Amino acid sequence: MAVGNTANAQSDTQWTKDGYHYYDLKNGNIMIDDARDDAKATVLLSRSKLALKNNDTLKIRRFEVSADGKKILINNNTKKVWRRDTRGDYWLYDLTTNKLKQIGAARPVSSLMFAKISPDGNKVAYVSEHNLFVEDIATGATKQLTTDGTTRLINGTFDWAYEEELDCRDGFRWSPDSRSVAYWQIDARKIRNYLMLNTTDSVYSHVVPVEYPVSGTDPSACKVGVVNIATGKTNWMKVPGDAIQHYIPRMEWAGNSNELILQQLSRPQNESKIFICNVSNGIARLISTDKDKAWVEVKEEPIGWDWVNNYKSFIWASEKDGWKHLYKIDRDGQEKLLTKGDYDAISVSLIDEANGFIYFIASPENPMQRYLYRVKLDGSSTVPDRITPVDQPGTHGYEMSPNGKLALHNFSNIYTRPVSEVINIPQHQHISGSLIKVDPAAAKNKAEFFRVKTVDGIDIDGWMVKPTNFDPEKKYPVVFMVYGEPASQTVTDRFGASRNGLYKGSMADDGYIYISVDNRGAPAPRGREWRRSIYKNIGTLNIRDQAMAAKEILKWKYVDSSRIAVWGWSGGGSSTLNLMFQYPEIYKTGIAIAAVGNQLTYDNIYQERYMGVPTDADGRAPFVKGSPITYAKNLRGNLLYIHGTGDDNVHYDNAEQLINQLVKYNKQFQLMSYPNRTHAISEGEGTTEHLRTLFTQYLKEHCPPGGR
């Protein structure tokens, strides 16, 4: 959540203006917690005041307190829109009059999205059925600001691909003067439907269409407009470049009510431009450009812009010098490097402009860990100051108060359960909550970290959980957990990272060695070259890194090379298939879940970012080379393939294309299709238990546990 112009980029906590208190939901009551003293929590709104006419009590899913602290906007009765429950009902409670009223009461049930109180506290704007509305709080008068919204012409929110791959959901912003609203319009009318088939909810099957732009097809057109509340007229921003061949993933007001600032990405996502747009005439002025031979990352936070110096400059991340560094950029595009050195600034935690510092997460020495650092905002720091104590190795997170004096600090490592406390900044002294105690002795029989060097000279990090009562003179089976793509890092020093939630029982007690390694391309803080080397190489370079690391591990005397298994989900399912097919001499058993079998079936924003735009045979070649179906004929081991037929993310046609190839070459395997289940395969009574049982039994049957 952004807090003023000193944005806390990682915080979901709604702090009060003084920076010492925050709002919280406990037992249906909205509380004001004192971060310095747990005992000083007070009730802001009691659930007893949320009685409805039907004698029910309003159940709060989420809430927002107005800037003046006098009104509370409550979201409830929510429904999922793809991954998250961003559609629902909204209610406004006035703390001055003690009255509760529904916002958008005339709209369909559970149809409101992203309702927000205006900065002056007098209105609420929201999206319903892809149109923007504004409601006067005092009179209840409602005005429809857009009228052209349809299922495919989307105002104020986004289509499937923007949401999934650019983290775009909330698609409108109040102007600081409360007189207008800036919003995105997504035109998905030319996007073809992927047709899922629902065969279980009625006697006759029915089609479930999902607008889904696969790799090589054009994205939705995108533009940004500003609608005047009084006139209802929209003025569109004249952003250079084709509206279809560019993305606009980020947009905010630029510190006043006549300018917007936005990020534009080229279709291949290898060029990022920042524009400031004049709302009056729509003219967009280019102030900064960033290019990369592979891809440029989108601005990390989807909401908020990190302004400093009274909106004259802002903080921006770039990997142009080989590391992810923070820069200060002014409105004329002049840049100043803030984080100097051979390390990655992973994310911004707080801009403490009053004291002249920017706090950020980094881990210069160990890519598996996360710590808090700071540098001076004027760029004079030559090395960053570490704030996190050195005697707390592991993964740290901070939700910092807007005054820069307190932080909600959470910590865990591979052997320490998550613990939270309140600390002061920058001293990092404990104020309240659980006192953090790190006991290295607790690491016994837990995961341990290692690094192997492959035949290609690549240092690969990994973790390993050895069997309980491990005997180094015996040989044990190894189960690899893999992801392998740029969206996730599996080897992290945090509690639970080495847990397999699909396994019923204890893998360690049953006698498995459980391992995960991170290949090149994983989003670890090891520099740009590490991360970008996977460009146009998903399905090849990452697979080789995984296999070559496995070959080094197979040299360990206690590893049984005849019992080697691998499993993964989504991108990890794809990696599992490629490992089984490309290196059948290593991996004897595989369990692949919801895998992309053919990269040309996956959405354009994700796949084109990492593999290029496949508009011709040359462009398609890396997609084909990296797809598991290309190598299915090489299967020799035991394969269990699992997929939900209602997966709107990785479509079920991936399963059927893979099946066709395996059938073609008479490759025997086991298939489990979960009817109407999504990518999570969690819907439906008994589903999770069935999946866990299937996973465990198959692994035990084909890769028997225990030392020999």
Side-chain angles (χ1 to χ4, degrees), residues 1-2 4-5 64 66-68 71 73 75 86-88 90 92 103-104 106-107 111-150 153-159 162-163 168-187 222-239 243 248-263 275-284 302-305 307 311:
M1 174 184 294
N5 68 333
E64 176 196 4
S66 62
D68 61 9
K71 300 178 182 72
L73 194 60
N75 185 207
T86 51
R87 184 167 57 84
Y90 281 88
L92 189 76
I103 300 296
R107 301 300 304 161
S111 73
L112 271 63
M113 303 177 71
F114 315 116
K116 291 189 280 288
I117 302 171
S118 60
D120 64 10
N122 295 327
K123 306 176 191 71
V124 176
Y126 56 85
V127 171
S128 177
E129 296 182 311
H130 292 169
N131 276 311
L132 275 162
F133 297 79
V134 63
E135 183 171 324
D136 186 277
I137 292 175
T139 67
T142 300
K143 185 171 186 176
Q144 186 167 343
L145 300 179
T146 64
T147 58
D148 55 356
T150 66
L153 191 63
I154 304 167
N155 296 301
T157 185
F158 298 90
D159 63 0
Y162 258 83
E163 175 174 323
C168 293
R169 291 175 175 85
D170 180 350
F172 72 92
R173 307 285 186 267
W174 272 109
S175 64
D177 64 7
S178 302
R179 294 180 179 178
S180 56
V181 172
Y183 67 98
W184 279 266
Q185 184 182 83
I186 303 295
D187 187 349
C222 173
K223 59 182 179 179
V224 169
V226 176
V227 58
N228 183 282
I229 300 299
T231 66
K233 180 183 178 181
T234 292
N235 190 22
W236 298 105
M237 301 302 101
K238 301 170 184 176
V239 182
I248 302 178
R250 300 292 183 261
M251 177 271 291
E252 298 290 339
W253 290 92
N256 61 71
S257 296
N258 195 47
E259 289 182 311
L260 298 177
I261 189 166
L262 59 83
Q263 180 186 19
F275 291 93
I276 289 182
C277 304
N278 185 298
V279 169
S280 300
N281 56 28
I283 293 175
I303 297 178
W305 208 276
W307 290 101
Y311 296 97

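Along the sequence shown, the residues carry numbers beginning at 1. Below, each value reflects all heavy atoms present in this structure, side chains not excepted, and no hydrogens, waters or symmetry copies. This structure is a prediction, so every number in the text was calculated from the model and none was measured.
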Would a distance-only check, ignoring hydrogens and angles, find a side-chain to backbone donor-acceptor pair under 3.5 Å from [X] to [Y]?
X	Y	result
Lys143	Ala230	yes
Lys238	Asn281	yes
Gln185	Lys223	no
Trp184	Ile248	yes
Lys116	Glu64	no
Ser257	Asp177	yes
Ser180	Ile229	no
Thr146	Leu132	yes
Trp253	Trp174	yes
Gln144	Asn131	no

Which atom of [X] lies closest to which atom of [Y], heavy atoms considered:
X	Y	answer
Ile117	Ser66	CD1-CB, 3.8 Å
Cys277	Ala284	SG-CB, 3.7 Å
Gly282	Asn235	N-ND2, 3.9 Å

Test item: side-chain donor near acceptor, Ser128 and Arg107, under 3.5 Å: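 Their side chains do contain a donor-acceptor pair, which is all the 3.5 Å distance test asks for.
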Once you measure the plane-to-plane angle for Trp307 and Tyr311, does it fall in the parallel (<30°), tilted (30-60°) or perpendicular (>60°) bin?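 Tilted, since the angle between the ring planes falls between 30° and 60°.
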Do [X] and [Y] make a side-chain contact, defined as non-hydrogen atoms from C-beta onward lying under 4.5 Å apart?
X	Y	result
Leu153	His130	no
Val124	Tyr90	no
Asp170	Pro302	no
Ser118	Arg179	no
Leu260	Val224	yes

Quick check, are the ring centers of Tyr183 and Trp236 under 6.0 angstrom apart?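 Yes, the ring centres sit under 6.0 Å apart.
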Which value, rounded to the nearest 0.5 Å, describes the distance between [X] atom [atom1] and [Y] atom [atom2]?
X	Y	atom1	atom2	answer
Tyr126	Leu145	OH	CG	9.5 Å
Arg250	Leu262	CZ	CG	12.0 Å
Leu112	Ile103	CG	CD1	8.5 Å
Thr150	Asp187	OG1	CG	8.0 Å
Thr86	Met113	OG1	CE	3.5 Å
Asn155	Asp148	CG	CG	5.0 Å

For a side-chain hydrogen bond (donor to acceptor under 3.5 Å, both in side chains) check, start with the C-alpha distance between Asn258 and Ser280, then their side-chain angles and the critical distance, and finish with the verdict. CA-CA 7 Å; Asn258 195 47; Ser280 300; 2.7 Å; yes
